[in-house]
Amino acid sequence: MNVTLRTPRFILRQPQVGDAEAIARYLNDFEVAGNLARVPFPYHLSDARAWLRTRLPNLPLEETNFAIDLPDSGMVGQVGFHRGPDGPIIGYWLGRPFWGRGIMTEAVAASLDWLFSASDIPAVYSGVFHFNAASLAIQTKLGFTQTGRSTLLCLARGAEVEHIDTIMTRERFQQKWQPVLRPGNATR
Ligand SMILES: CC(C)(COP(=O)(O)OP(=O)(O)OC[C@H]1O[C@@H](n2cnc3c(N)ncnc32)[C@H](O)[C@@H]1OP(=O)(O)O)[C@@H](O)C(=O)NCCC(=O)NCCS
């Protein structure tokens with residue numbers, strides 16, 4: 001899916017080969033990788049290049065990934081979807097220098113808005129490792145609901161970690177965010 005989204009402060013665009021250095025720089029940080037399930041640590045340039053090779057054109061909607069591209073700083077993080085057992089799972093990370101400015105709240109809201117508008121997918125799944133207060137704050141603010149606890153392998157830690165499981169339904173997202181993100185549009 002070749003799509004570019006514009007938010008008030010940045011663009012969300014498809015990852016490209018030239019992002020490898022920035023991805024490796026920001027993901028080779030245990031404070032980032034240690035909060036993600038599928039990112040090894042240390043994280044090398046070769047890991048970023050290998051991941052970028054998987055970003056084939058024409059991937060299905062629920063495997064779309066966006067690079068967060070700021071006007072002055074370029075690619076600073078990612079938000080994207082991958083397939084889970086019940087439906088798409090959303091995951092995200094931001095380079096540490098850019099934390100605490102509301103960037104990820106804006107990026108996740110825009111990505112969900114796009115996915116729910118472009119499809120009939122009824123719900124998106126997510127969650128956080130139990131110690132990830134910042135990510136849980138984002139999901140709570142956006143309106144994700146906690147559905148339970150599980151354990152999930154964290155590659156960077158080499159261990160199973162307790163995970164708070166969450167869900168965002170189409171209905172809940174559109175009720176809460178459509179008036180903000182798409183004033184004037186009726187809920188589909
Ligand atoms: C989690 C992460 C994406 C947050 O990105 P960000 O752009 O800084 O997030 P935002 O600024 O949009 O929102 C963060 C929220 O968490 C809150 N927060 C930050 N640290 C917190 C803490 N220790 N305890 C509680 N809340 C915290 C902030 O106050 C903010 O909420 P607010 O807007 O209501 O004040 C970023 O820290 C990151 O990439 N971390 C490593 C990877 C990761 O955790 N990915 C998610 C895996 S589930």
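Atoms within a ligand are numbered from 1 in the order they appear, just like the ligands themselves.
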Ignoring hydrogens and angles, tell me if any N or O in the side chain of [X] forms a donor-acceptor pair with the backbone of [Y] under 3.5 Å.
X      : Y      : answer
Gln78  : Leu94  : no
Trp177 : Ala109 : no
Ser126 : Ile90  : yes
Arg149 : Asp165 : no

For a quick test of your reading: what N or O donor-acceptor pairs under 3.5 Å do the side chains of residues 46-58 make, sequence neighbours left out?
{"unit_1": "Asp47", "atom_1": "OD2", "unit_2": "His44", "atom_2": "N", "d": "2.7"}
{"unit_1": "Thr54", "atom_1": "OG1", "unit_2": "Trp51", "atom_2": "O", "d": "2.5"}
{"unit_1": "Arg55", "atom_1": "NH1", "unit_2": "Glu63", "atom_2": "O", "d": "3.0"}

Answer whether the closest heavy-atom distance between the side chains of Phe98 and Val76 falls below 4.5 Å.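 Phe98 reaches Val76 side chain to side chain.
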
For ligand 1, what is the set of protein residues having any non-hydrogen atom at a distance below 4.0 Å?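 Within 4.0 Å of ligand 1, protein side: Glu31, Val32, Asn35, Leu36, Tyr92, Trp93, Leu94, Trp99, Gly100, Arg101, Gly102, Ile103, Met104, Thr105, Gly127, Val128, Asn132, Ala133, Ala134, Ser135, Ala137, Ile138, Lys141.
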
